[in-house]
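First the structure, in the form of structure tokens, and then the observations on it.
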Amino acid sequence: MSADGQIMDSSSRTLEKLENENNKNGSVKQVLLDGCVPFSHQVAGHKCGINNTGVLQHPDGTILKQLQAPPRGPREMNFYTQVFAKDCTDKRLLDLQQHLPKFYGTWMPRESPHELYLKLEDVTRRFLRPCIMDVKIGRRSYDPFASKEKREEQISKYPLMEEIGFLLLGMRVYQINSDSYITHDQFYGRSLGKDTLKYGLSRFFHNGQELQRHAVSLIISKIRSILRWFEIQTELHFYASSLLLVYEGSPHTINKSKHKPADPATEHQQGEPQSKALSFQSSLTHSRPYCHDIQHERNTNGKHGGSIEEQDEEIGMGDKKQFGQEETVEVKMIDFAHVFPSDSPDESYMYGLRNLLSTLEQILKD
Ligand SMILES: O=P(O)(O)O[C@@H]1[C@@H](OP(=O)(O)O)[C@H](OP(=O)(O)O)[C@H](O)[C@H](OP(=O)(O)O)[C@H]1OP(=O)(O)O
Ligand SMILES: Nc1ncnc2c1ncn2[C@@H]1O[C@H](COP(=O)(O)OP(=O)(O)O)[C@@H](O)[C@H]1O
């Protein structure tokens, strides 16, 4: 049977059948469309898609984020498409690529062509025990087109946002002694005031034995690099966008293994990064969030076979991989549902970055 045929077999399971199987087995490890499984390293964000699963992990190691309802989903898709356009000549956008998960176009399940997903690099993939934090950046978490109700709702969630300029949305931290993760949800971040912020942030770097100072330093250096990009760009404003911070929690070596790619024939991506940059202006027209109570999780590495090196080559980034000390951390910008064109510096985002940097520097000084 052709690879295509195999796809049809796997994806032709109906949702009903899946639910029955899950109920029967009490199965936690769901296999969804085309061999995709729930992404086990999601620490914040919407839980949409099949069974409110949220972000999915594709067998080739990428992740799939379902497009949100217009205008947010198309706006995020247009943003990734523009930044990763093959014929992009805008130096600012080309420089921005290094700060984003790589974008592999859009993807749709063969059976449900109305469902569209962004296919993205899994930023946590190379880590053995990834410690992950999602931090929303900026002095306001609503965009200029938000209704009065939306503005008020967002402000009421964290009135300190304007003064602090960032908000911890979620994290998971590997604990060496118990070989488990501590997780904190969005309410943890919202509970932090000016006097507890530094301590609250420092928990992300504590493995139960000691503070991972090297991770703090390396993450500071990556955030500084993102700040430098913002200091010279005036094209874009980012609202309700996040930084995803990751560091290696394992005291052992970093996972450098490269698996053979999954059978490329099992791919049926639709819409490669487009060759023509799309206009942001065109996207200006105008689910339940993830909530994980504080708890200890047994460690499940969540690794899924296959690799994406061939696709890396395709977008010209395949040979840029290096492994060194700085590979034990990663900082990427994510969540671009509220990115808008502009002609001035993004002071709000930079304010947030600077305050995050100074809080991290304080943690190092203590
Ligand atoms: O998707 P919505 O309209 O429900 O709004 C999300 C909010 O849900 P809620 O207002 O409680 O219904 C949601 O609120 P919660 O954090 O879940 O209280 C977030 O503010 C989310 O923003 P982000 O994805 O974290 O950047 C919000 O998403 P964005 O408006 O930032 O896309
Ligand atoms: N490229 C990525 N690599 C790894 N994890 C990611 C990536 N993008 C998103 N995530 C995970 O999914 C969560 C939600 O992503 P996000 O883009 O913020 O979704 P939402 O728009 O629903 O807020 C993040 O907190 C993170 O845990």
Side-chain angles (χ1 to χ4, degrees), residues 43-45 76 79 83 91-101 123 131-144 154-155 157-171 186 189-190 192-194 196-205 212-247 326 329-366:
V43 298
E76 181 163 40
F79 172 76
V83 174
K91 176 145 178 13
R92 296 283 168 270
L93 294 186
L94 291 171
D95 286 347
L96 181 60
Q97 287 181 358
Q98 65 186 299
H99 301 306
L100 268 50
V123 175
C131 299
I132 308 163
M133 181 160 65
D134 182 325
V135 191
K136 191 181 274 199
I137 306 290
R139 303 185 74 175
R140 43 190 248 208
S141 57
Y142 52 88
D143 68 48
Q154 289 295 318
I155 291 169
K157 281 181 194 165
Y158 196 53
L160 285 169
M161 190 81 183
E162 171 136 32
E163 189 174 347
I164 291 176
F166 65 89
L167 168 62
L168 311 190
L169 293 183
M171 68 165 93
Q186 56 184 323
R190 289 189 210 170
L192 300 175
K194 282 189 287 176
T196 51
L197 189 62
K198 185 176 65 174
Y199 176 78
L201 183 59
S202 75
R203 294 297 84 195
F204 176 56
F205 296 98
Q212 301 294 287
R213 304 179 74 82
H214 67 285
V216 185
S217 312
L218 291 167
I219 281 178
I220 285 175
S221 142
K222 298 235 177 205
I223 297 175
R224 282 190 187 138
S225 168
I226 293 174
L227 178 58
R228 282 196 293 277
W229 182 81
F230 272 89
E231 284 171 341
I232 52 176
Q233 75 88 24
T234 54
E235 290 170 51
L236 298 167
H237 278 198
F238 295 74
Y239 303 93
S241 183
S242 287
L243 286 187
L244 195 63
L245 315 185
V246 189
Y247 71 88
E326 67 177 33
V329 308
E330 194 55 271
V331 178
K332 296 285 186 192
M333 295 167 61
I334 59 163
D335 202 353
F336 306 112
H338 305 273
V339 177
F340 293 87
S342 122
D343 54 8
S344 63
D346 190 343
E347 296 294 350
S348 165
Y349 196 100
M350 287 193 287
Y351 178 98
L353 284 185
R354 289 187 183 116
N355 201 24
L356 178 60
L357 280 170
S358 95
T359 314
L360 290 168
E361 283 156 4
Q362 283 299 320
I363 290 171
L364 268 190
K365 277 187 194 146
D366 288 351

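All values derive from a computational prediction rather than experimental measurement.
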#### Entry: Donor-acceptor pair, side chain of K332 and main chain of Q98, under 3.5 angstrom
yes
### Message
Against F166, only a single residue in L160, T359, L353 fulfils side-chain contact (heavy atoms from CB on, under 4.5 Å); can you say which?
### Response
T359
### Message
With heavy-atom distances below 4.5 Å as the criterion, would you say the side chains of L167 and S141 are in contact?
### Response
no
### Any side-chain heavy-atom pair of L227 and R354 under 4.5 Å
yes
#### Entry: 4.5 Å side-chain heavy-atom contact, D134 and I334
yes
### Message
Within the 4.5 Å heavy-atom criterion, are L201 and M133 side-chain neighbours or not?
### Response
yes
### Task
I would like to know whether R224 and I220 meet side chain to side chain contact (heavy atoms under 4.5 Å, CB included); could you show each step before the answer?
CA-CA 6 Å; R224 282 190 187 138; I220 285 175; 3.5 Å; yes
### Donor-acceptor contact present, side-chain H338 to main-chain E76, <3.5 Å
no
#### Entry: Exam field: side chain R92 to backbone I232, donor-acceptor pair closer than 3.5 Å
yes
### F230 and Y349 aromatic ring geometry - parallel, tilted or perpendicular at 30°/60° bounds
parallel
### Query
Can you tell if the side chain of M161 reaches within under 4.5 Å of the side chain of K136, non-hydrogen atoms only?
yes
### Task
With sequence neighbours excluded, give me every salt bridge (Lys or Arg N to Asp or Glu O under 4.0 Å) pair touching residues 337-351.
none
### Message
For Y158 and L168: C-alpha separation, side-chain torsions, deciding distance, then whether side chain to side chain contact (heavy atoms under 4.5 Å, CB included) applies.
### Response
CA-CA 10 Å; Y158 196 53; L168 311 190; over 6 Å; no
### Message
Test your reading of the model: is there a side-chain donor-acceptor pair from Y247 to the backbone of H214, 3.5 Å cut-off?
### Response
no
#### Entry: Side-chain heavy-atom pair L100, F79 within 4.5 angstrom cut-off
yes
### Query
With side chains defined as the heavy atoms from C-beta onward, is the minimum distance between Y199 and S202 less than 4.5 Å?
yes
### L245 side chain near M171 side chain, heavy-atom distance below 4.5 Å
no
